[in-house]
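Contents: one structure, followed by commentary.
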Amino acid sequence: MQYNYSRYYELLVGFPETYRLQDPVYPSLNATDSNTLTFDSPINFMAVQTAEGTGKSVTENQLTATVNGNVESKGSNARGCTIKVYNLSEETVRALTMSNLKVILKAGYEDDYLNDNLPVIFSGQVKQSKHVTKRHDSYVELICQDGYTPSTAIKVNKSLKSTEEVPVTANDVFDYLISVWNKNGIASTNSSIRFDDLPIHPSTVPFRGGWTGEGYLRDLTDEICDAFNYQWYIVNGVLYIQSAFENRVRDVVELDMSLIKGISDGEQDVKRDSNTKEKSRITLTTFLNGTIAEGKFINIVPTSDPLDKHTKYYGLYKIISVSHQLDYRGAAWDTKVECEKV
């Protein structure tokens with residue numbers, strides 16, 4: 001088996017005006033199509049393959065980036081990304097240091113580039129930027145967050161009244177909160193909101209006294225999810241809500257053992273409460289892979305090497321956390337994953 005590891009990336013920063021969804025192989029939208037996406041304000045929607053509008057595209061300058069995400073953090077602790085781009089023109093520096101910018105970072109390999117299918121590694125908003133000049137070079141640093149504005153700025157003040165004939169249910173509360181996320185540029189899909197997989201569906205839980213929510217959208221989402229042992233998180237502009245103990249296999253990334261640079265036992269005997277079984281975790285590093293995202297599954301398949309010493313790691317794992325490390329002209333072009341045996 002041969003692999004082409006020539007590196008390619010594209011950094012899009014600016015104010016996109018229109019968006020066009022292709023049949024996405026990447027990122028976490030690979031199981032959906034544009035008909036299942038629900039959003040009211042596409043000007044803020046970033047989980048796309050192509051953005052058309054006002055902005056800058058950087059493809060060849062030296063770039064380093066770190067992307068981190070974890071499904072076990074509260075959803076309000078959104079995915080973060082720090083990007084440094086070196087030796088830019090004055091015009092591009094000005095463009096990248098404006099306020100309220102959106103950002104899409106795609107990265108992969110030559111085959112992805114030639115097929116116009118570079119994986120989306122991160123999409124979100126720039127929360128802080130600065131231009132740093134040193135003796136031999138200069139760079140722009142972008143500190144970004146997935147769903148930054150709706151997570152940090154959107155407040156809710158809403159009451160849902162209940163009657164004996166039509167009682168408000170937890171499902172009504174979720175529908176309302178999800179609609180607010182949608183209106184502020186965070187999409188939801190049929191596969192990202194997984195109430196049908198839960199032991200107790202929100203529609204069966206009445207709030208006979210009604211429901212009143214006042215505060216930040218992220219905090220209210222935390223509260224309702226905590227009450228039902230749900231977890232929520234945002235990956236590349238898409239809102240996910242599922243059981244905190246979700247193990248139903250949906251999106252699976254096949255990973256050949258020959259592509260794993262390093263693998264080791266992680267935290268052992270993970271047990272969230274008395275009703276869950278003990279599980280073990282592993283940590284692995286592989287070549288940069290944009291298909292790997294929080295909440296998906298990895299299936300480690302055998303290598304053709306009969307002397308492989310890592311056979312105990314073969315099998316299916318749930319992805320807990322993902323870190324992408326990029327250094328365009330340096331050593332790192334990797335994805336590090338913590339995952340849990342299924």
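- Within the 4.5 Å cutoff, no side-chain heavy atoms of Leu259 are placed close to those of Asn289.
- Judged by distance alone, the side chain of Lys158 and the main-chain N or O of Leu177 form no donor-acceptor pair under 3.5 Å.
- Of the inter-residue distances, the one linking Ile263 atom CD1 with Leu255 atom CG reads 8.5 Å to the nearest 0.5 angstrom.
- Distance check, rounded to the nearest 0.5 Å: OG of Ser188 to CG of Leu239 gives 6.5 Å.
- Residues Ser323 and Asn68 bring a donor and an acceptor atom of their side chains to less than 3.5 Å of each other.
- Scanning all heavy atoms of the two residues, the minimum distance from Gly69 to Glu294 falls at CA-OE2, 2.9 Å.
- Under the 4.5 Å side-chain heavy-atom criterion for ILVMFWY residues, no single connected hydrophobic cluster contains both Val140 and Ile143.
- Taking each heavy atom of Ile319 and Ala293 in turn, the nearest pair found is CD1-O, 3.5 Å.
- Checked against side-chain hydrogen bond (donor to acceptor under 3.5 Å, both in side chains), Glu214 has no partners two or more places apart in sequence or in another chain.
- In terms of heavy atoms, Gly290 sits closest to Pro119 at CA-CB, 3.7 Å.
- Considering Tyr176, Tyr233, Trp232 in turn, Trp232 is the only one that fulfils the ring-ring contact (aromatic ring centres under 6.0 Å, His included) rule with Trp181.
- Side-chain atoms of Asn87 never come within 3.5 Å of backbone atoms of Asp137 as a donor-acceptor pair (strictly under, hydrogens ignored).
- Contact of the Glu338 side chain with the Arg281 side chain is registered, since non-hydrogen atoms from C-beta on lie closer than 4.5 Å.
- With a 4.5 Å cut-off on side-chain heavy atoms, Leu284 and Cys339 count as touching.
- Heavy-atom minimum distance, Ala187 versus Asn182: C-ND2, 3.8 Å.
- Evaluation of the side chain to side chain contact (heavy atoms under 4.5 Å, CB included) rule for Ile154 yields Pro150, Val180, Asn184, Leu217 as partners, not counting sequence neighbours.
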**Request:** Let me see the working for His201 and Thr169 under side-chain contact (heavy atoms from CB on, under 4.5 Å), right down to the final yes or no.
**Result:** CA-CA 10 Å; His201 196 282; Thr169 69; over 6 Å; no
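- For the side-chain hydrogen bond (donor to acceptor under 3.5 Å, both in side chains) test, residues two or more places apart in sequence or in another chain that qualify with Thr92 are Ser89.
- Listed by chain and number, the residues in a side-chain hydrogen bond (donor to acceptor under 3.5 Å, both in side chains) with Thr285 amount to none (sequence neighbours excluded).
- Scored by the side chain to side chain contact (heavy atoms under 4.5 Å, CB included) test, Val205 finds Ala170, Ile200, Phe207, Phe228 as partners (sequence neighbours excluded).
- Applying the side-chain hydrogen bond (donor to acceptor under 3.5 Å, both in side chains) test to Asp175 and every residue at least two apart in sequence or in another chain returns Asn171.
- Relative orientation of the Tyr328 and Trp333 rings is tilted, given thresholds of 30° and 60° on the angle between their planes.
- Note that the CG atom of Asn70 and the CZ atom of Arg79 stand 11.0 Å from one another [nearest 0.5 Å].
- With Lys261 as the partner, the side-chain hydrogen bond (donor to acceptor under 3.5 Å, both in side chains) test is satisfied by one option alone out of Thr286, Asp334, Thr335: Asp334.
- For residues 151-175, the set of pairs meeting the ring-ring contact (aromatic ring centres under 6.0 Å, His included) definition, not counting sequence neighbours, comprises Phe174-Phe195, Phe174-Tyr230.
- Judged by distance alone, with hydrogens and angles left aside, the side-chain atoms of Arg7 form no donor-acceptor pair with the main-chain N or O of Ala107 at under 3.5 Å.
- Hydrophobic clustering, defined by side-chain heavy atoms of Ile, Leu, Val, Met, Phe, Trp and Tyr closer than 4.5 Å, groups Val132 together with Tyr86, Tyr139.
- From Leu63, atom CG reaches atom CD1 of Ile83 across 6.5 Å, with rounding to the nearest 0.5 Å.
- With hydrogens and angles disregarded, a donor-acceptor distance shorter than 3.5 Å links the side chain of Asp146 to the backbone of Asn236.
- Applying the 6.0 Å contact sphere to NZ of Lys155 captures no more than 12 heavy atoms from other residues, nucleotides or ligands.
- Residue Leu288 comes nearest to Gly108 through the heavy atom pair CD2-N, 4.2 Å, listed as atom of the first residue, atom of the second, then distance.
- For the atom pair CG (Asp112) and CG (Leu118), the distance works out to 5.5 Å, reported to the nearest 0.5 Å.
- In the hydrophobic clustering of this structure, Val301 does not group with Ile292; members are Ile, Leu, Val, Met, Phe, Trp, Tyr whose side-chain heavy atoms approach within less than 4.5 Å, directly or through other members.
- Counting heavy atoms from C-beta on, the side chains of Gln145 and Gln125 never come closer than 4.5 Å.
- Residues Thr221 and Tyr216 form no side-chain contact, since every pair of their non-hydrogen atoms from C-beta on lies 4.5 Å or further apart.
- Take Arg329 and apply the side chain to side chain contact (heavy atoms under 4.5 Å, CB included) test, not counting sequence neighbours, and it matches Gln62.
- Nearest heavy atoms, Leu142 versus Ser129: CD2-CB, 3.7 Å.
- Not counting sequence neighbours, Asp172 has no partner by the salt bridge (charged side-chain N to carboxylate O under 4.0 Å, His left out) test.
- Sorted by first then second residue, the salt bridge (charged side-chain N to carboxylate O under 4.0 Å, His left out) pairs that include residues 118-135, not counting sequence neighbours, are Lys130-Glu141.
- From Leu11, atom CG reaches atom NZ of Lys56 across 12.0 Å, with rounding to the nearest 0.5 Å.
- Listed by chain and number, the residues in a salt bridge (charged side-chain N to carboxylate O under 4.0 Å, His left out) with Glu165 amount to none (sequence neighbours excluded).
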